[in-house]
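Okay, so here's the structure we're looking at.
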Amino acid sequence: MDAQGGNMTGDTRAALLAALALQAEWGADEALLETPADHAAAPPRRRDMPAAAPRTIAPSATSLPPAPPGGDQNADQNSDPGADPSAATTLAALRDALERFDHCALKRTATQLVFADGAADARIMFIGEAPGAEEDRIGRPFVGPAGQLLDRMMESIGLDRGKVRIVNVVPWRPPGNRTPSDTEISQCLPFLHRHIALVRPARLVLLGAVAVRALIGGKDGITRLRGKWREIEIPGMEGGLRVLPTYHPAFLLRQPDAKRLAWTDLLELRRECVESCA
Ligand code: URA
């Protein structure tokens, strides 16, 4: 076949079109790889070129930035000081900093930033994973099928979007709804920390494994951690913050049997704080 597919037979063309139609039916909507490419990595060395001297790469570009008490250190991720989350003293400034932040590749494939929903001074904050297709189109978190289930879950214990804050670990939709990579999570984490510190909620609800990995870390997964309160430290906030991991609503849509356990987690949230925190 030449570069334009000039000598492609009718059968080959039909087979390729059928494969493309199947991928579209299964939800592929980006001509991208499943695994994110690390464009910061050194290119492969040609065999006829001498090896370059080793280069020191600033760790914050590709790994979790250290978060000492009092602020996140991600300033070297972006030379634009306006994109430094620790400098944001209001939610509007934080949103503006994210709009300027060009260090996360997800921004390039997403339609728009999905910043947050709900009350700026909420006592309870729900943290999801990443925007999906609907959220990316509309610009609000949890508006698709998982969001509708989240609305019903909140309603069942007397909460609604006006009373809580809803954000995601990463604010841009990963292509094809894949799970955000550790690099993407670590690049966006200082913004999430700052968001939490600015809202100053009394409790966090971590929806699913990615929120747990980003904010608790460690080896234990959501199945082991769900339904139990624990305390985490958030840079810029004094004292520990109580967090409750539970299943992600998208998981509950796929595994309705798990709704029984999620319901006990909601009751626990209501028992601990809906009356006193909301
Ligand atoms: N899933 C998430 O984690 N967040 C959204 O905003 C939507 C679906």
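Every number for a ligand or one of its atoms is a count from 1 in the order of the listing. Positions are given from 1, in the same order as the sequence printed here.
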Q) Out of curiosity, is Ala130 lining ligand 1, as in a heavy atom under 4.0 Å away? A) yes

(Q) Would Gly132 count as being in polar contact with ligand 1, using the rule that some N or O on each side must be under 3.5 angstrom apart? (A) no

Q) Taking the side chain as C-beta and beyond, is there a heavy-atom pair between Phe126 and Met154 under 4.5 Å? A) yes

Q | Student check: side-chain heavy atoms of Arg161 and Arg140 closer than 4.5 Å | A | yes

List the atom pairs, with distances to 0.1 Å, where a side-chain N or O of residues 196-211 and a protein N or O form a donor-acceptor pair under 3.5 Å, not counting sequence neighbours.
unit_1, atom_1, unit_2, atom_2, d
Arg200, NH1, Ala197, O, 3.4
Arg203, NE, Glu272, OE2, 2.7
Arg203, NH2, Glu272, OE2, 3.0

Q: Between Pro249 and ligand 1, find which residue part has any heavy-atom pair under 4.0 Å and reply side chain, backbone, both or neither.
A: neither

Kindly list each side-chain donor-acceptor pair under 3.5 angstrom involving residues 250-261, sequence neighbours excluded, with atom names and distances?
none

Q. Looking at Ala133 and Asn177, what are the two nearest heavy atoms and their distance?
A. N-OD1, 3.9 Å

Taking 4.0 angstrom as the limit and counting only heavy atoms of [X], give me the atoms of ligand 1 inside it, by number and element.
X: His248; result: 1 (N), 2 (C), 3 (O)
X: Gly128; result: 3 (O)
X: Pro141; result: 6 (O)
X: Glu129; result: 2 (C), 3 (O)

Q: May I ask which of Val143, Asn168, Leu150, Asp136 has a heavy atom nearer to atom 4 (N) of ligand 1 than the others do?
A: Asn168

Q. Taking atom types as modelled and ignoring hydrogens, do the side chains of Trp229 and Glu268 form a donor-acceptor contact shorter than 3.5 angstrom?
A. yes

